[in-house]
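Have a look at the structure below before the remarks.
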Amino acid sequence: MRISTPSQYDGYASRIRETQARVVEAQTRAQDLKRFHRPSDDPTGLGAVLDVRAYKASVETYRENLARGTGLLKGAENVLSETATGIGRGTTLAIAGANSSLDPASRKAMAIEIDAIRKRLVELGNSRDADGTYLFGGQVTDKPPFALDATGGLVYSGDANPILIESDAGETTPANVDAAGLFTTAYANLTKLRDALEGNDVAALADLRLPEMQATKNEVEALRGVVGTRLQTFASRDANHERRIDELAGRASDLEEVDFAEAIVQYQQAQTAYQAALQVTSNASRISLMDYLQ
Amino acid sequence: MPGSFHGIETASRALRAFSRSLDTIGHNLANVDTQGYTRQTVELSASQPLDVRSGTAMSLGTGVDIAGINRIKDAFLTQQALEAGSDLGRLDGGHAQLRSVEGAFLDTEGRGIADGLDKFFASWSALASNPSQSGLKLEVQAAGRELAALVRSTYSRIQSAKTELGSTVKNELAEADKLAGQIAELNKGIVSAKANGASPNDLLDDRDRAVAALGRIVEVKTSEDLNGALNVSVGGLTVVDSGGSRGFPQTYDPVSGTLSDGSNTFPVRSGTIRGLWEASQSLNDFSSRLDTMANTLRTETNTLHATGVLPNGSTAGNFFGDVLPPLPQTGAIDFGLDPAISADPNAIATGISGAAGDGSIALGLSRMKEQAIGGLGGKTFTAFHRDLVGDVGRALSTRDEAKITGQAIFDGLEARAQEVSGVSVDEEMANMLRVQRSYQAAAKVLSMFDEMTGELMGLLNR
């Protein structure tokens, strides 16, 4: 095989170019530990990474939505807790007021207390969250849902629509509860209780008002139960999503990132090959027939 | 009867021959680094003998003649290298433009259209949970704006690459025309030199270089006439023949990938021009897919959004700016927010009832992320874009892989051609030693004859 001088040196030069290119590539990889920097480095791998990222973004959004829903439900839970306390107090007063031995003055004092509870109930019904959203108006979240009409009754002006949050792929969950009936009935019952206490109507207190208060109390507790269950569901959903995000982050890392030790080893290998190419070129170019001619 | 100075004549002929050999060796060494240089060798042959009668008939040798200065080239390897060169030219053509377009897709860094789509759908989802929050409406507006900007800028990068491809094609065609002219000129020189019996080796090297350069641009077929002129044709069209350059066609049809000389079309199958055409086909595909995605996103979003009612009771308009039907949509080039939405995020509709807490439309738009869209061939927006980015990457990675193979083939052919035609310094040095010794021997013979004739002259002088 005949070797011409230009092809010999072209060979050295191209080997140096190749090994140098590999050094630069290995260096970049070792510096940022990324497996690919351009779509052409690994088109299929990039596709898998984009899918993982899109999924992760969705799951993160679901978590944010669940947090929003949890906020609304916790707000509702606080209100219903105070409402339960108020209704509980009302029930206690109804029991006490139904005692025929009680003097009218005491009943009058109780009536004043019931009135205060009644007023507080309206405030509670019109509670808002930190963003200013009314909690119990259905989808009418920008106006107070409860107001007193001309006859002094509590009227609901919201709607019965749910505030839906996207909690998972293709899934929506309501993050509010319908308390319209509860508040209007509770208000009406408290009004009747106050009137009965003021009017010293012991019979009505025992036979009608007390059962009404007890029924209202049960309704409040039932609704609290609904809220509590929903909060638990949200919490466990959120925990699942958190786990999923960790898994996805791990998958993305496996797809996108280079193991540090592997990157360093590859860099070393590339450097060694480069040094070898330089060494060979340097040694081979020293040998020539001209050195031996007199 | 040979003359008295026959011996001197023989020796001096030898000196001339070896001197020319040394000249040729020197020429080879001087051109050791010249690209495309073919080594030359002097062919020596015994010169015509003299018929002598001295009792019996004899042939007396007269020394050495230079039969020719030969160019050591393998025509078959040259042809193969030409084809391999065309293939490499094809893989190189348009590579830079494809690379530039690839750089517009920032998805590897998480800042590309895929990320923009994720943010867009996420912003609608958050708004659906809290429809009256103006901060969340601002986020939807921002996400929509950012996504549109990404689509537009990617599209415009593709358009500039296409323009660049077009002007590169023009430049390559002009270069091809220039090379055809050069080949025709060299043909003239070679034909006339051959007619005089000379071997125009350096002109042949120049012509080979010009043909190789032309072969990179388009695939060429060559055939040599008996008089030494080279005929060059491209896809059936004769570009250069013994009559001169026919001119390289400057009209290239970017749709069909053919050259035209005004009356006929000729296909181009390899070379840089073909590579540029293939790249432009890829870019056309990418830009049309971006158009499809932009128009589909416009239509799907607007259709749903326009069913909305704002809290103040007015009906919602478009979310993305659109033309009034029946005009066709333009595409990615002007994809952007509707002016009303761009001016005021409160023009964003969240629900169909107008209630402050109605997030039904926002929810519908958020869930569009997971839906198979008819206008995208049944893919989701995310999957459609993922496939587009994948194809952008593949357009380059298949080329790069093919180039590694193509380069290896070309280098292999080059190496084999160099084996035959390349100058080896060591070999030339060894030849030089040989010629030097031969020259010394001939000089010695000359001096011997000179001494002998000198003796004779000395006798005559007395």
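To find a chain, count down the sequence lines: A is the first, B the second, and so on, and within it residues start at 1.
For B:R99, the part lying near chain A is the side chain, with the backbone staying farther off; criterion is any non-hydrogen pair under 4.5 Å. In this structure, no portion of A:N161 lies under 4.5 Å from any heavy atom of chain B. For chain B, no part of A:Y9 is nearby; none of its heavy atoms comes within less than 4.5 Å. Residue A:Q8: no heavy atom, backbone or side chain, is found under 4.5 Å from chain B. With a 4.5 angstrom heavy-atom cutoff, A:R68 touches chain B only via side-chain atoms. For A:A54, the parts lying near chain B are the backbone and the side chain together; criterion is any non-hydrogen pair under 4.5 Å. Heavy-atom distances place both the backbone and the side chain of B:E102 under 4.5 Å from chain A. In this structure, no portion of A:S14 lies under 4.5 Å from any heavy atom of chain B. For chain B, no part of A:E18 is nearby; none of its heavy atoms comes within less than 4.5 Å. With a 4.5 Å cut-off on non-hydrogen atoms, B:A122 touches chain A through its backbone and its side chain both. Heavy atoms closer than 4.5 Å to chain A are found nowhere in B:L98, neither backbone nor side chain. Looking at B:R39, only its side chain comes within 4.5 Å of chain A, counting heavy atoms on both sides. For B:S360, no part lies near chain A; criterion is any non-hydrogen pair under 4.5 Å. The part of A:K34 that comes within reach of chain B is its side chain, from C-beta onward, which places non-hydrogen atoms under 4.5 angstrom from that chain. Using a 4.5 Å cut-off between heavy atoms, A:L46 touches chain B through its side chain atoms alone.
Ranked by non-hydrogen atom pairs under 4.5 Å with chain A, the options B:S123, B:G390, B:S125 are led by B:S125. Top candidate by heavy-atom pairs under 4.5 Å with chain A, chosen from B:K119, B:R394, B:R399, B:Q35, is B:R394. Per-residue counts of heavy-atom pairs under 4.5 Å with chain B were compared for A:T61, A:T133, A:L72; the largest is that of A:T61. Top candidate by heavy-atom pairs under 4.5 Å with chain B, chosen from A:A175, A:G170, A:A169, is A:G170. Most heavy-atom pairs under 4.5 Å with chain B: of the set A:S58, A:S40, A:P6, this distinction falls to A:S40. Ranked by heavy-atom pairs under 4.5 Å with chain A, the list B:E370, B:E414, B:R416, B:Q133 is led by B:Q133. By number of non-hydrogen pairs under 4.5 angstrom with chain B, the leading residue of A:I165, A:D131, A:L164 is A:D131. Annotation: maximal heavy-atom pairing with chain A below 4.5 Å, among B:L117, B:D33, B:V389, occurs at B:V389.
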Report the C-alpha distance between B:S129 and A:N65 in whole Å, list the side-chain angles of each, state the deciding distance to 0.1 Å, and finish with yes or no for side-chain hydrogen bond (donor to acceptor under 3.5 Å, both in side chains).
CA-CA 6 Å; B:S129 310; A:N65 295 343; 3.1 Å; yes
The test is side-chain hydrogen bond (donor to acceptor under 3.5 Å, both in side chains); show your working for A:R243 and A:N240 and say whether it passes.
CA-CA 5 Å; A:R243 262 198 310 278; A:N240 282 344; 2.4 Å; yes
Go through the steps to decide whether B:S366 and A:E166 satisfy the test side-chain hydrogen bond (donor to acceptor under 3.5 Å, both in side chains), and finish with yes or no.
CA-CA 9 Å; B:S366 153; A:E166 202 179 4; 2.4 Å; yes
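Taking the six-membered ring where the residue is Trp, the centroids of B:H27 and B:Y37 are separated by under 6.0 Å. Ring-centre distance between B:F381 and B:F384: not below the 6.0 Å cut-off.
In summary, B:D391 and B:R289 engage in a salt bridge, as defined by a charged side-chain N under 4.0 Å from a carboxylate O. Checked for salt-bridge contact, B:D205 and B:R209 miss the test: no charged N lies under 4.0 Å from a carboxylate O. Between B:D208 and B:K73 there is a salt bridge, with a side-chain nitrogen of the basic residue lying less than 4.0 Å from a carboxylate oxygen of the acidic one. Salt-bridge formation is not detected for the pair B:E146/B:R111: no Lys NZ or Arg NE/NH1/NH2 atom is positioned less than 4.0 Å from an Asp or Glu carboxylate oxygen. A salt bridge between A:D129 and A:K74 is absent, with no side-chain N of the basic residue lying under 4.0 Å from a carboxylate O of the acidic one.
For the salt bridge (charged side-chain N to carboxylate O under 4.0 Å, His left out) criterion with A:E256, the lone passing option out of A:R35, A:R53, A:R251, A:R29 is A:R53.
Residues A:S7 and B:Q418 bring no donor and acceptor atom of their side chains to less than 3.5 Å of each other.
Minimum heavy-atom separation, A:N176 to A:G138: ND2-CA, 3.7 Å.
The main-chain N or O of B:L77 is found under 3.5 Å from a side-chain atom of B:D74 such that the two form a donor-acceptor pair.
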